[in-house]
Undergrad: 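Below you will find the structure I want to go over with you.
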Amino acid sequence: MIEIKLPDGKLLKFEKPTKVKEIAAKISKSLEKNAVGAIFNGEIIDLHTPITQSGEIRILTAKDPESLEILRHSAAHLLAKAVKNLYGKEAVKLGIGPATEEGFYYDFDLPETISQEDLEKIEREMERIVKEKEPFRREVISREKARELFKDDKYKLELLEAIPEDEEVSIYWLGDDFFDLCKGPHVEHAGQIKAFKLLSTAGAYWRGDSRNKMLQRIYGTAFWKKKELEEHLHRLEEAKKRDHRVIGKQLDLFGIYEEAGPGLVFWHPKGAVIRQEIEKWVEEEHRKRGYERIYTPHIMKAELWKTSGHYNFYRENMFFVPVVEHDEEERLGNEEVPLTCSEIEKAHWYAVKPMNCPGHILIYKSQPRSYRELPIRYFEFGTVYRYEKSGSLHGLLRVRGFTQDDGHIFCRPDQLKEEIQGVMDYILELLKVFKLDYVINVGTKPEKYIGSDEAWEHATKALIDALEERGFEYNIVEGDGAFYGPKIDIAVLDAIGRKWDGPTIQVDFNLPERFDLSYVDKDGQKKRPVMVHRAIMGSIERFIGLLIEHYAGLFPTWLAPVQAVVIPVSDKFLDYADKVYRKLKEAGIRVELDDESAKVGYKIRKAETQKIPYMLIVGAKEKESGTVSVRSKREGELGAMTIQEFLDKILTEIKEKR
RNA sequence: GCUGGCGUAGCUCAGUCGGCAGAGCGGGGCACUCGUAAUGCCCAGGUCGGGGGUUCAAGUCCCCCCGCCAGCACCA
């Protein structure tokens with residue numbers, strides 16, 4: 001007897017394995033018609049998968065977001081079939097083709113390169129199959145048969161071998177001339193895939209391993225309705241307008257110059273204002289939370305990085321600086337090369353810091369520490385340089401030189417949990433001020449690690465407890481911890497939903513050991529402190545990049561590079577405009593005077609596109625009454641108010657970080 | 001780093017088959033003295049990413065390098 005529990009608690013009983021479609025039919029006629037799949041015991045299945053055991057079911061229709069996975073997975077198969085039809089069944093080898101959060105993709109291995117223009121051709125072939133309404137059909141087969149069917153398809157064979165012995169092997173047919181090794185789920189027939197679009201091609205390593213061959217990946221997306229597809233594409237277009245690289249240029253916030261090198265950021269005056277405002281605030285918040293401000297050098301001896309382990313583990317990402325006695329004789333006729341071989345041989349090396357921890361450690365170590373001093377919390381805006389792979393660079397979000405709001409807490413093991421909680425609270429307070437979207441990930445013990453299992457357990461528990469006690473949602477990412485300790489990473493979302501790690505809390509058992517850190521405990525014994533690396537924003541560059549996208553360039557007034565602009569309606573009122581300008585300037589407002597001899601409309605447009613929060617229009621009326629006519633970027637026209645009234649308004653806004 | 005695409009004025013972009021480098025915005029000047037998202041006219045601005053090659057002739061075709069974009073890999 002199979003007992004199926006429905007979402008409303010009702011129980012349906014079946015004598016033999018039953019397909020979802022039949023279960024839906026039992027519930028209602030309309031559900032039978034609208035059902036596209038189901039979630040059974042937490043797993044998405046399609047209409048024709050027989051249910052062989054008792055459990056809970058929720059029938060999915062096109063209205064349920066989960067049903068998109070079924071549609072998109074089917075669209076991936078449809079794509080694969082179309083590519084095989086067009087490029088030859090023999091020539092095309094299939095990789096994998098799953099549904100993703102935003103759509104689907106399929107990986108192909110074929111001799112020709114698929115170009116962006118080819119996508120239209122493939123789409124047309126897909127549409128042809130859709131018109132034919134070719135059916136999807138599931139077939140459970142034996143391993144032997146599977147090996148036979150896929151004997152010419154090395155990728156599928158590899159996938160087949162990876163299926164656990166106790167799991168059944170299924171293939172899905174699309175029509176009668178295409179099948180794919182697949183667990184499902186799928187729609188009933190291709191005719192249901194009405195709204196889809198192929199978006200882009202890209203390379204992707206087989207099984208995500210850079211040692212493997214790179215396959216050609218085609219990305220696409222699919223929706224149940226054409227309108228939903230159009231809306232999605234429109235949203236993507238809109239999101240692209242929020243791209244911090246685009247806005248950064250429009251608002252003249254920062255630049256990255258070929259002459260200087262990739263991934264090296266130049267903050268222009270307006271971007272520098274934003275950065276400085278944030279730094280001022282963050283610095284003050286650290287002080288309030290018991291951190292001591294420090295500064296450490298940008299280059300330090302290579303030997304130090306050997307002690308810390310970075311030289312071994314991180315060398316390929318580090319910039320090195322040789323210090324040499326120049327050999328003038330050997331240099332003759334060799335001006336092109338900065339150093340000759342023998343100079344390099346004799347050089348002693350410094351490294352540009354890729355991290356700030358060793359610097360902080362040296363300060364901790366500079367004198368004996370008592371248990372009474374702990375926790376010691378050091379903080380600096382530490383600018384680090386990392387030689388990131390060229391392909392990973394991305395505007396402000398992934399750079400080679402960046403500044404961390406970096407802090408290190410040296411504490412006793414019994415203080416660990418409280419310290420983590422303090423940092424966690426701080427991070428979330430900060431994210432709240434900016435109203436950023438984020439996800440919390442906990443990285444646990446990786447395969448290669450140092451430190452005792454007990455220490456790991458203690459630290460991991462401390463991290464998780466800190467989250468649990470505050471009731472935060474989080475994901476455990478098994479094995480994602482650093483080799484030296486577990487961590488909490490907080491990923492902030494960019495305009496198109498990509499996740500970027502920012503705030504982080506990392507427990508470290510390694511460095512205290514390597515640098516032989518100690519404190520004298522109550523009992524007079526030397527003990528090893530625990531170290532917590534933490535950053536509240538992470539990298540200031542990345543954080544501001546994310547803020548630009550988050551605000552689409554319209555920064556809250558406290559951060560706006562220009563907070564107000566005074567616009568005289570004609571040159572005749574320049575004198576009064578200047579008076580207003582001076583008054584605001586005196587009050588500490590970042591204000592500009594638009595003294596260009598142009599029409600009001602033009603000046604307002606200019607201020608609007610520069611996303612200046614307040615425009616103060618002044619003419620005869622205002623001069624007469626000593627007022628300003630206020631137009632707010634956010635709230636529209638606010639009418640006339642006295643200069644003082646406006647000052648009160650904007651100063652409050654700035655103070656409250658709005 | 002890998003796969004594919006791209007690189008023309010400060011910005012956004014056009015440039016056909018290899019045949020005299022263009023537009024709009026922005027910048028400068030002049031006129032207009034203006035009331036809530038673009039006033040008009042004039043002017044300046046280019047080593048067509050860099051180097052090499054093919055050709056009578058290269059922005060355009062070929063090769064190498066640099067940089068950028070998408071994705072993959074990486075991300076202490």
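The chains referred to below are lettered A, B, ... by the order of the sequence lines, with proteins before strands, and numbering in each begins at 1. Bear in mind that the values here come from a model prediction, so they are computed numbers and not experimental data.
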Undergrad: So, using side chain to side chain donor-acceptor pair (under 3.5 Å) as the criterion, who are the partners of Arg634(A) when residues are at least two apart?
TA: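 If we apply the side chain to side chain donor-acceptor pair (under 3.5 Å) test to Arg634(A), skipping adjacent residues, there are no hits.
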Undergrad: Tell whether Tyr257(A) reaches the base of G67(B) with its side chain through a donor-acceptor pair below 3.5 angstrom.
TA: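 Under the 3.5 Å cut-off, the side chain and the base do not form any donor-acceptor pair.
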Undergrad: So does Tyr314(A) get a side-chain nitrogen or oxygen closer than 4.0 Å to the phosphate oxygens (OP1/OP2) of C75(B)?
TA: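 No, because none of the side-chain N or O atoms of Tyr314(A) sits under 4.0 Å from OP1 or OP2 of C75(B).
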Undergrad: Is any side-chain heavy atom of Leu511(A) closer than 4.5 Å to a side-chain heavy atom of Arg514(A)?
TA: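 Result yes, sub-4.5 Å side-chain heavy-atom pair found.
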Undergrad: Parallel, tilted or perpendicular, judged at 30° and 60°: which one describes the rings of His360(A) and His408(A)?
TA: perpendicular
Undergrad: Just the rounded figure in Å: distance from P of A70(B) to CG of Leu236(A).
TA: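 Leu236(A) atom CG is separated from A70(B) atom P by 13 Å.
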Undergrad: Can you give one letter per nucleotide of nucleotides 4-13 of chain B, going 5' to 3': B for a protein heavy atom under 4.0 Å from the base, S for sugar-phosphate only, - for none?
TA: S------SS-
Undergrad: Which letter, B, S or -, goes with each nucleotide of nucleotides 34-39 of chain B from 5' to 3', with contact meaning a protein heavy atom under 4.0 Å?
TA: BBBBBS
Undergrad: For Thr403(A), enumerate each residue passing the side chain to side chain donor-acceptor pair (under 3.5 Å) test, keeping only those at least two apart in sequence or located in another chain.
TA: Arg275(A), Thr383(A)
Undergrad: Are any of Arg542(A)'s side-chain N or O atoms less than 4.0 Å away from OP1 or OP2 of C75(B)?
TA: no
Undergrad: Could you list the residues that satisfy ring-ring contact (aromatic ring centres under 6.0 Å, His included) with Tyr106(A), not counting sequence neighbours?
TA: Phe108(A)
Undergrad: What contact category does Phe483(A) fall into here, base, sugar-phosphate, or nothing, at under 4.0 angstrom with non-hydrogen atoms?
TA: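 Here Phe483(A) touches the bases of the nucleic acid.
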Undergrad: List for me each residue that meets side chain to side chain donor-acceptor pair (under 3.5 Å) alongside Tyr426(A), sequence neighbours excluded, and say none if there are none.
TA: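 Tyr426(A): side chain to side chain donor-acceptor pair (under 3.5 Å) contacts with His286(A).
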Undergrad: Would you call the rings of Tyr364(A) and Phe410(A) parallel, tilted or perpendicular, taking 30° and 60° as the class edges?
TA: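 If you compare the ring of Tyr364(A) with that of Phe410(A), the planes turn out parallel.
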Undergrad: Under 4.0 Å, counting only non-hydrogen atoms across every strand here, what does Gly636(A) touch: a base, just sugar-phosphate, or nothing?
TA: nothing
Undergrad: With sequence neighbours excluded, tell me which residues meet side chain to side chain donor-acceptor pair (under 3.5 Å) with Asp494(A).
TA: Arg498(A), Trp500(A)
Undergrad: Please determine whether a side-chain nitrogen or oxygen atom of Arg245(A) lies at a distance below 4.0 Å from atom OP1 or OP2 of C68(B).
TA: no
Undergrad: List in numerical order all residues of residues 384-401 of chain A for which some heavy atom is under 4.0 Å away from an atom belonging to RNA chain B.
TA: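 Those residues whose heavy atoms fall under 4.0 Å from RNA chain B, taken from residues 384-401 of chain A in numerical order, are Arg386(A), Lys389(A), Ser390(A), Gly391(A), Ser392(A), His394(A), Arg398(A).
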Undergrad: Using the ring-ring contact (aromatic ring centres under 6.0 Å, His included) criterion, which residues pair with Phe381(A)? Sequence neighbours excluded.
TA: Phe379(A)
Undergrad: What interatomic distance, in whole Å, is found between P of U33(B) and the corresponding atom of G22(B)?
TA: 36 Å
Undergrad: Do nucleotides 41-47 of chain B as a string where each nucleotide becomes B, S or -: B if the base has a protein heavy atom under 4.0 Å, S if just the sugar-phosphate does, - if no protein is that close.
TA: -------
Undergrad: Just to verify, which of Glu388(A), Arg400(A), His310(A) counts as forming a side-chain contact (heavy atoms from CB on, under 4.5 Å) with Asn317(A)?
TA: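 Going through the options one by one, the only one that passes is Glu388(A).
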Undergrad: Quick one: which residue pairs count as a salt bridge (Lys or Arg N to Asp or Glu O under 4.0 Å) with a foot in residues 245-267 of chain A, not counting sequence neighbours?
TA: Asp243(A)-Arg245(A)
Undergrad: With a 4.5 Å limit on heavy-atom distance, are the side chains of Gln610(A) and Leu251(A) in contact?
TA: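 Side-chain contact under 4.5 Å: yes.
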Undergrad: How would RNA chain B look in dot-bracket form, 5' to 3', counting Watson-Crick and G-U wobble pairs with both distances under 3.5 Å and writing | for bases paired to another strand?
TA: (((((((..((((.....[..)))).(((((.......))))).....(((((..]....))))))))))))....
